[in-house]
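Notes follow the structure.
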Amino acid sequence: MPDDRARSDEPTRLAETVVPLFGRQLDAFTPVDWPDRSRVDLVAGVAAQDDCAVYRFHGDHELVVGSDYVRGPKFRLYEMGYLDEYDLGYYLVAANLSDIAAMGAKPIGVLSVVRYPPEMTDEVFRRVLEGIHDACAASGCLNVGGDIGGAERLILSASALGVCPAGGALFRTGAKPGDAICLTAPTGFAGAAMAYLRATDPDPGIEEEHLGTMLDYWRRPEARIDSGMALSASGVVTSCQDTSDGLKAALEGVAQAGSVGVEVREEALPIPGAVSAVAAHLDLDPLAVVLGDSVDFELVFTAPADQLAALSDDLDFHRVGVVTERREVVLVRPDGTRGALPGKAWRHAPADVRA
């Protein structure tokens, strides 16, 4: 028989888990100050136990808000035992903050929704909340509220809040013919991990050298917040999108939003060693893994080629292609032949089961 003492009610979980983890936020929040003396302060967070968090704005800002739901126990790697409840909470925050990063904004808070089944113990509930807490801390923002309560299974959703100076938000629209297409870091790690583990065909070399790194893209994903803010501050970026649906989907999104085309140079696409190893082991096209529905939370952005030097020296990126007038998204191979981008872009269809 389950021990009922291991499962408390919602008010108890709020008082004994949520508030101790997320309290004292007025002291923890670092006010956001811009050079024009505009400022954002947190007035009320979780510790107030009120209906909403409250921020006070001084001067002109753009408020950036996004929401994302993740599948909770329906994550394939969770079902396979490679992710735990802490990892799910951590992933929830990163997925939401990645959208803030793509807009070039500084995150100021996360609102999380954690709905749990009757059999979930206080210990497991706490692991979810600790994952949320630690992901927020790693990204320099706070979980300032949200909702907890019962449901038929674990359900995780969140909203992220960010700010940037007036006129500083980045959008998917805006890419112009002749712009360079750039990527903040190589993609394909998360997709390679999924392909390898689903194949159930172990390889000692991959297990020892690459598996831990690949799984970190699921367990400890990182939203590219600093990169997004640097892109916004440069004043030269014409469009930006994250790769949460895969690199191919991001490139197609930038092209569609800007009514332009995209040419990607095959030799310019970085292929990580882990991806090459998994592709060779499973007889896959490594480009299909790099471009496909791998959830790596990198940023794709465009900027005039002659203004890339204006980007911060601290910003690492790969120049992978060019924006064209011809409205097609193609891969240009070293011999000059052109073809469709390999890989499967993620599509949010009701019947799909992700990760």
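Contact annotation: the side chain of Trp218 approaches that of Val295 to within less than 4.5 Å [non-hydrogen atoms, C-beta and beyond]. Side-chain contact between His133 and Tyr90: absent, with no pair of heavy atoms (C-beta onward) separated by less than 4.5 Å. Leu77 is listed as a side-chain neighbour of Leu215, based on a closest heavy-atom distance under 4.5 Å. Using a 4.5 Å cut-off on side-chain heavy atoms (C-beta onward), Val40 and His58 make no contact. The shortest side-chain heavy-atom distance between Leu299 and Leu231 falls under the 4.5 Å cut-off. Two residues are said to be in side-chain contact when any heavy atoms from C-beta on lie closer than 4.5 Å; Leu341 and Leu287 fail this criterion. Phe125 is listed as a side-chain neighbour of Thr17, based on a closest heavy-atom distance under 4.5 Å. Tyr116 is not listed as a side-chain neighbour of Val124, based on a closest heavy-atom distance of 4.5 Å or more.
Under the ring-ring contact (aromatic ring centres under 6.0 Å, His included) criterion, the residue pairs touching residues 198-217 are Phe189-Tyr217, with sequence neighbours excluded.
A pairwise comparison of heavy atoms in Val260 and Val254 identifies CG2-O, 4.2 Å as the closest pair. Contact detail for Glu62 and Gly168: the closest heavy-atom pair is OE1-N, 3.5 Å. When all heavy atoms of Leu83 and Tyr78 are compared, the pair lying nearest together is O-CD1, 3.3 Å.
In this pair, Trp34 and His61 present their aromatic rings tilted. The plane angle is within the 30 to 60° band.
In this structure, CZ in Phe57 is found 4.5 Å from CD1 in Ile108, a value given to the nearest 0.5 Å.
Residues Asp134 and Tyr86 bring a donor and an acceptor atom of their side chains to less than 3.5 Å of each other.
We find that Arg224 and Asp226 are not joined by a salt bridge, their nearest charged nitrogen and carboxylate oxygen being 4.0 Å or further apart. In summary, Arg219 and Asp84 do not engage in a salt bridge, as defined by a charged side-chain N under 4.0 Å from a carboxylate O.
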Review point. After noting the C-alpha distance and the side-chain angles of Thr302 and Ser239, does the key distance pass the side chain to side chain donor-acceptor pair (under 3.5 Å) rule?
Key: CA-CA 5 Å; Thr302 59; Ser239 70; 2.6 Å; yes
